[in-house]
Amino acid sequence: QVQLVESGGGLVQAGGSLRLSCAVSGSISSINAMGWYRQIPGKQRELVARITSGGSTNYGDSGKGRFTISRDNAKNTVYLQMNSLKPEDTAVYYCNGVYSHFSWGQGTQVTVSS
């Protein structure tokens with residue numbers, strides 16, 4: 001059973017950067033696409049960025065130009081580098097498969113102060 005553990009969140013000022021990590025207990029090389037999602041209280045969870053097994057990436061409008069997703073298959077880890085953070089990026093961030101979901105981890109809180 002695949003388990004997902006997100007880390008790297010924290011409190012940062014607007015304009016700052018954070019790097020999130022998602023450790024996957026299992027091989028991610030066989031997972032078609034992994035994604036980073038975020039959930040703002042009162043809103044639906046949204047897909048922020050995704051990366052395929054081949055390394056192709058796509059970004060939602062919210063992170064385009066500021067976020068970079070990457071994966072290290074050898075470490076079974078997916079990363080999200082977030083730059084130029086804005087207060088509206090404040091959310092709990094999760095990782096999961098894109099085409100097939102595993103049980104959600106507890107996420108990592110990102111808080112951006114203005």
Test question: given the 4.5 Å side-chain rule for I, L, V, M, F, W and Y, name all other residues clustered with Tyr79, or answer none. none
May I have all residue pairs that pass ring-ring contact (aromatic ring centres under 6.0 Å, His included) and include part of residues 8-65, sequence neighbours excluded? Tyr37-His101, Tyr37-Trp104
State the CG-NZ distance between Asp72 and Lys75, to the nearest 0.5 angstrom. 5.5 Å
Run the side-chain donor-acceptor check on residues 105-113: report pairs under 3.5 Å with partners two or more places apart or on a different chain.
unit_1, atom_1, unit_2, atom_2, d
Thr108, OG1, Gly9, N, 2.9
Gln109, NE2, Ala91, O, 3.4
Gln109, NE2, Thr111, OG1, 3.3

Does CD belonging to Gln3 count more than 12 external heavy atoms closer than 6.0 Å? no
For a side-chain contact (heavy atoms from CB on, under 4.5 Å) check, start with the C-alpha distance between Gln1 and Ser103, then their side-chain angles and the critical distance, and finish with the verdict. CA-CA 9 Å; Gln1 185 177 354; Ser103 295; 3.9 Å; yes
Going by side chain to side chain donor-acceptor pair (under 3.5 Å), name the residues that satisfy it together with Asn83, two or more places apart in sequence or in a different chain. Ser17, Gln81
How many angstroms lie between CD in Gln13 and OG in Ser114, if you round to the nearest 0.5 Å? 9.0 Å
What pairs of residues pass the disulfide bond (SG atoms under 2.5 Å apart) test when at least one of them lies in residues 72-114, not counting sequence neighbours? Cys22-Cys95
Residue pairs passing the disulfide bond (SG atoms under 2.5 Å apart) test where at least one lies in residues 38-90, sequence neighbours excluded: none
Starting from the C-alpha separation in whole Å, work towards a yes-or-no answer on side-chain contact (heavy atoms from CB on, under 4.5 Å) for Asp89 and Arg66. CA-CA 11 Å; Asp89 294 320; Arg66 300 186 298 126; 2.7 Å; yes
With a 4.5 Å limit on heavy-atom distance, are the side chains of Asn32 and Val98 in contact? no
May I have all residue pairs that pass disulfide bond (SG atoms under 2.5 Å apart) and include part of residues 42-81, sequence neighbours excluded? none
One should read off an interatomic distance between Leu20 CG and Tyr94 OH, to the nearest 0.5 angstrom, of 12.5 Å
To the nearest 0.5 Å, tell me how far Leu80 CG sits from Met34 CE. 12.0 Å
Just jot down the side chain to side chain donor-acceptor pair (under 3.5 Å) partners of Gln39, sequence neighbours excluded, or say none. Arg45
Review item, side-chain donor-acceptor pairs of residues 46-53, under 3.5 Å, at least two apart:
unit_1, atom_1, unit_2, atom_2, d
Glu46, OE2, Arg38, NE, 2.7
Glu46, OE2, Arg38, NH2, 3.3
Arg50, NH1, Tyr99, OH, 3.3
Thr52, OG1, Gly54, N, 3.2
Thr52, OG1, Gly55, N, 3.3
Thr52, OG1, Ser56, N, 3.0

Which ring-ring contact (aromatic ring centres under 6.0 Å, His included) pairs, counting each pair once, include a residue from residues 3-28, with sequence neighbours left out? none
Residue set satisfying salt bridge (Lys or Arg N to Asp or Glu O under 4.0 Å) with Lys64, at least two apart, ordered chain then number -> Asp61
Start with the C-alpha gap between Val2 and Val24, add the side-chain angles, then the distance that decides, and say whether side-chain contact (heavy atoms from CB on, under 4.5 Å) holds. CA-CA 7 Å; Val2 172; Val24 182; 3.6 Å; yes
Does Val12 belong to the same Ile/Leu/Val/Met/Phe/Trp/Tyr cluster as Phe67, with side-chain heavy atoms less than 4.5 Å apart forming each link? yes
Disulfide bond (SG atoms under 2.5 Å apart) pairs, two or more places apart, involving residues 23-57: none
